[in-house]
Amino acid sequence: MTANLHPFDTLSPQRIVAAVESLGLMLPGEPFALNSYENRVFQFRDDEGRRWVAKFYRPQRWSDAQIREEHAFLQELADAAVPVAAPWRDDAGETLHTHAGFRFALFPQVVGQAPELENPEHLFALGELIGRLHAVSSRRPFVERPTLNPAERVAYSREQVLAGAWLNRRQRQAYLRISEALEPLLVAHAWPARSLIRVHGDCHLGNILGRDAEFTLVDFDDCGMAPAVQDLWMMLTAQSDPEWRAQLSELLEGYEQYHDFDRRELEWIETLRTLRLMRHSAWLVARWADPAFPRAFPWVASEDYWDQHIRTLEQQRLALEGGRWLA
C-alpha cells in the first residue's frame with residue numbers, strides 16, 4: 001500500500017462481494033454504495049431477493065469490544081420490540097466479521113422516508129420511538145462505549161482544528177479566543193453523571209426511516225453515554241418560541257407514553273448543539289486524508305467556511321450566556 005492510499009481505497013466491489021459471500025450469502029449483482037463517510041456502507045440483494053446493508057467499519061476507530069457492545073445493544077432493543085435494525089448473526093452467534101483486513105457487519109435493510117418535523121403526528125411518533133428506546137437503554141450503562149464529556153469534546157475539537165493550516169492568522173486567534181471562552185460555559189452547563197443513559201447519539205433525520213408515522217432508528221455508530229435529551233434536541237427545529245414549544249409538546253407527549261423525561265434537561269440543549277458544531281468541524285479536518293471528504297466537503301478548505309463557523313460559535317456563546325431554555 002502506498003503512503004497516499006487510504007485503507008478504504010482498497011475496498012473494491014470485488015472485495016465487498018467476497019466479504020459478504022464469505023458468510024454464506026450469494027450476491028447476483030454488485031452492491032450499491034450508500035452515502036456514508038465515517039464508514040463505508042453498501043446495499044445489496046442476495047440470491048433469495050432479501051435486502052441487506054453491509055457496513056464496513058473505519059479502521060482504528062472503534063475497538064472490537066466497542067462494536068460488539070453496539071451490536072448487543074441493538075439486539076437488546078430488538079428483543080424489546082423497539083424498531084431498530086439488529087445485526088445479522090452467523091451460526092456461532094457472531095455479528096462482527098472480518099475479511100481482507102476489514103471488519104464488517106450485515107443488517108437487514110430498512111426502507112422508508114425521513115419524518116416530517118412540521119407534522120405533529122410524526123413528532124408524536126418520534127417521541128414514542130425515543131421513549132421506547134430509552135425505556136430499555138436506561139436499564140444499564142455501557143461499559144465500552146464512550147461518554148459525552150463537554151471538556152474533553154472541546155479540547156479534542158480545538159486540537160484537531162488548530163493542528164493543521166486550516167485557519168489564517170486572524171481566524172486562528174478568533175477560533176482560539178471563542179473556543180477558550182466556550183469551554184467554561186459548556187462545563188458550567190454540563191450534566192451530572194446520574195443523568196447519563198445509553199443513547200443513539202446521532203438522531204438526525206437521515207437516521208430515522210419509515211412510513212405513515214411508523215419509524216425505525218438506524219446507524220447506532222455514535223451510540224454512547226449521554227443525557228436523554230441528546231436523542232431529542234435535533235428534532236426541535238422551529239425558529240420561533242411558540243412553534244418550538246409546540247414541537248416540544250408533541251415530542252414529549254409521545255416520549256412520556258414510555259419513559260419519564262426530566263424537563264431540566266432542556267437547559268442542556270445549547271451545550272449539546274455547541275459540542276456538535278465544534279465536533280463536526282473537527283471531524284471534517286481529522287478525516288481529510290480520506291479522499292471521500294475533500295470530494296464531499298470542498299468548502300471546508302475555504303476561508304468563508306471558517307469565518308462562518310467562528311460566527312456560529314459566537315452565537316452559541318450568547319445562547320449559553322442567555323439561557324433560553326425553560327421547563
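When reading the values below, keep in mind they use all heavy atoms of this one structure, side chains included, and skip hydrogens, waters and symmetry mates.
Closest of all the heavy-atom pairs between Gln308 and Arg311 is OE1-NH2, 2.9 Å.
Using a 4.0 Å cut-off between charged side-chain N and carboxylate O, Asp202 and Arg276 make a salt bridge.
Donor-acceptor pairing under 3.5 Å is recorded for the side chains of Ser240 and Glu243. A side-chain N or O of Thr95 and one of His71 form a donor-acceptor pair less than 3.5 Å apart. Gln171 and Trp166 share no side-chain donor-acceptor pair at under 3.5 Å. Judged by distance alone, the side chains of Ser179 and Glu183 never bring a donor and an acceptor atom under 3.5 Å apart.
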List, one per line, each side-chain donor-acceptor pair under 3.5 Å for residues 41-49, sequence neighbours excluded.
unit_1 : atom_1 : unit_2 : atom_2 : d
Gln43  : OE1    : Gln109 : NE2    : 3.2
Asp46  : OD1    : Glu48  : N      : 2.9
Asp46  : OD1    : Gly49  : N      : 3.1
Asp46  : OD1    : Arg50  : N      : 2.9
Asp46  : OD2    : Arg50  : NE     : 2.7
Asp46  : OD2    : Arg50  : NH2    : 2.9
Asp46  : OD2    : Trp52  : NE1    : 3.0

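No chain of hydrophobic side-chain contacts below 4.5 Å, direct or via other Ile, Leu, Val, Met, Phe, Trp or Tyr residues, connects Trp62 to Phe8. With hydrophobic clusters built from ILVMFWY side chains whose heavy atoms lie under 4.5 angstrom apart, Trp244 shares a cluster with Leu117. Placement of Ile178 and Val154 within a single hydrophobic cluster is found when ILVMFWY residues are connected by side-chain heavy-atom separations under 4.5 Å, directly or transitively.
A cation-pi contact, defined as under 6.0 Å to the ring centre and within 45° of the axis, links Arg132 to Tyr258.
Tested against Arg198 for a side chain to side chain donor-acceptor pair (under 3.5 Å), the candidates Glu70, Glu76, His134 yield a single pass: Glu76.
Of the inter-residue distances, the one linking Arg317 atom CZ with Leu185 atom CG reads 8.0 Å to the nearest 0.5 angstrom.
With a 4.5 Å cut-off on side-chain heavy atoms, Leu176 and Arg158 count as touching. Between Leu27 and Glu21, some side-chain heavy-atom pair lies under the 4.5 Å cut-off.
The side chain to side chain contact (heavy atoms under 4.5 Å, CB included) search around Pro192 returns Arg194, Ser195, Trp268, not counting sequence neighbours.
Remark: the backbone N or O of Thr237 is paired with a side-chain donor or acceptor of Gln239 at under 3.5 angstrom.
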